[in-house]
Every structure is written in C-alpha cells, then in structure tokens.
Amino acid sequence: MSDCVSLQIDQQVAIDKARLIRAVHIVLEQQSETGCLSIVIQDSEAVAALSRQHRGVNSPTDVLAFPAANLPQEIAAKSRYLGDIVIALDYATARAAASGTDLGDILCLLVVHATLHLLGFVHGTVVEREIMWAAQGKALRKLGIDAGLVTQYGGADV
C-alpha cells in the first residue's frame, strides 16, 4: 500500500520516509478509509507561495493540505486520490528546534494532521477541534508519539 503514498523531498536531508508513510496508513486504517496521496517536502518560501495563491494567506506555515478534486467515476473507481500534503521543512525544523521537539516526530504530526484534513476533518469550532484532536492523538500514540507534542510544538493549527 506504500505505493499509494508518493513522497517527494526537494532537499537533501535525512528523513525517515517509511515512518511518514506509516503515519498516513495509520490514519487511514483508524478512519476505515483507503486512498492515495502525495507528500511534498519543500522550503518555506515555496509553501508560503502556495498559501498565498490558494488560501489568500500571506504568512509562513508548516503544512498545507490540498484535497483532490472529484475525479471522473471510472478513474476514481480504480483508486481514490485524496490529495496533496506540502510541508515546509525549514519552517518545521526551526519550530521544532525552538520548542525542543524531535523533527521526526513533528513531521509525523504534520502528516497525520494534514491526512485528517484530506479526509474532511476540520477544526474551525471547539467541537470540530475536539474531534480532530482526538483522532490526531490516537494516530500519534499508535506511532509511539505523545499527543502532548502538539502543545509542546506550539502549533495553533496543528
């Protein structure tokens, strides 16, 4: 099933790719979902440009999730494409260092969070946030990561 997760890293850095793919699979399994997605790891400048273009937000961020448009039924029947996750590696690295958190754990958190968004989870209200954070925490614990990492990392949206 890892062939359903495309991982592109635009920088030379040691990242545990298998762990990130496992994070996707854990979320999908826990939500009784299937599907394919891509994870692109770029620099914060590229991610900020995407945020400006697609969200109208002109500020740095660590992760973006772009749900896939509905595909024609004959294509969608063969494999469900969920969408794309884009992570700003340098931004996430700086925030991890500032908060004293492990970058590998943070990358897993960002992948879990964004995968949940691709599945339709949102956190615009208190109730939605509680539901999403519960799903996120469950996936993180399955990865061996303390769900308290979210608070330690200081992510307002993560």
If you measure from CD on Q31 to CG on L116, what distance do you get to the nearest 0.5 Å? 6.0 Å
Take V150 and Q136 through the side chain to side chain contact (heavy atoms under 4.5 Å, CB included) test and state the conclusion after the steps. CA-CA 9 Å; V150 176; Q136 184 174 265; 3.5 Å; yes
Criterion side chain to side chain contact (heavy atoms under 4.5 Å, CB included) on Y91 and E45, from CA distance to verdict: CA-CA 9 Å; Y91 186 79; E45 189 175 303; over 6 Å; no
Looking at residues at least two apart in the chain, or sitting in another chain, which of them share a side chain to side chain donor-acceptor pair (under 3.5 Å) with R141? none
Nearest 0.5 angstrom please: H113 NE2 to M132 CE, how far? 4.0 Å
Compare every heavy atom of L110 with every heavy atom of A92, then report the nearest pair and how far apart it is. CB-CD1, 3.9 Å
So, using ring-ring contact (aromatic ring centres under 6.0 Å, His included) as the criterion, who are the partners of F66 when residues are at least two apart? H54
Taking all atoms of both residues into account, what is the closest heavy-atom pair of L143 and A23, and its distance? CD1-CB, 3.7 Å
Measure the CG-SG distance between L118 and C36 for me, rounded to the nearest 0.5 Å. 12.0 Å
Would a hydrophobic clustering, with Ile, Leu, Val, Met, Phe, Trp and Tyr connected at side-chain separations under 4.5 Å, put V127 with W133? yes
Is a side-chain N or O of Q30 found less than 3.5 angstrom from the main chain of A139, in a donor-acceptor match? yes
If only atom types and distance count, is the side chain of D90 paired as donor or acceptor with the main-chain N or O of S44 below 3.5 Å? yes
Would you name the heavy atoms of G35 and C4 that are closest together and state the gap between them? O-CB, 4.0 Å
Rounded to the nearest 0.5 Å, how far apart are NZ of K17 and CD of Q8? 10.5 Å
Does L7 share a hydrophobic cluster with L50, counting links as ILVMFWY side-chain heavy atoms below 4.5 Å and allowing steps through other members? no
Residue pair I87 / L107, side-chain heavy-atom distance below 4.5 Å: yes
Could you verify whether a donor N or O on one side chain and an acceptor N or O on the other, from E128 and H123, lie under 3.5 Å apart? no
Within the 4.5 Å heavy-atom criterion, are L64 and I85 side-chain neighbours or not? no
Sorted by chain and number, sequence neighbours left out, side chain to side chain donor-acceptor pair (under 3.5 Å) with D146 holds for none
Once side chain to side chain donor-acceptor pair (under 3.5 Å) is applied, do any residues pair with S99, and if so which ones, sequence neighbours excluded? T101
Where is the tightest heavy-atom contact between Y153 and A96, given as atom of each residue plus distance? CE1-N, 3.8 Å
Do H117 and V63 have side-chain heavy atoms sitting under 4.5 Å apart? no
Side chain to side chain contact (heavy atoms under 4.5 Å, CB included) with I41: of L20, V111, V86, only one passes, and it is L20
Sequence neighbours excluded - salt bridge (Lys or Arg N to Asp or Glu O under 4.0 Å) pairs with any residue from residues 97-113: R19-D105
Are side-chain heavy atoms of I39 and V24 found at a separation under 4.5 Å? yes
Is any NZ, NE, NH1 or NH2 atom of the basic residue among E33 and R80 found under 4.0 Å from an Asp or Glu carboxylate oxygen of the other? yes
Heavy-atom check, side chain of V27 versus side chain of L119, under 4.5 Å: yes
In terms of heavy-atom contacts, L37 and Y81 come closest through CA-CE1, 3.8 Å
dist L28:CG -> L82:CG (nearest 0.5 Å) comes out at 6.0 Å
Listed once per pair and sorted, the ring-ring contact (aromatic ring centres under 6.0 Å, His included) pairs that draw on residues 30-52, sequence neighbours left out: none
Which of V47, I15, D62, D43 passes side chain to side chain contact (heavy atoms under 4.5 Å, CB included) with L89? Answer is I15
In the structure I gave you, are the side-chain heavy atoms of L109 and I145 within less than 4.5 Å of one another anywhere? no
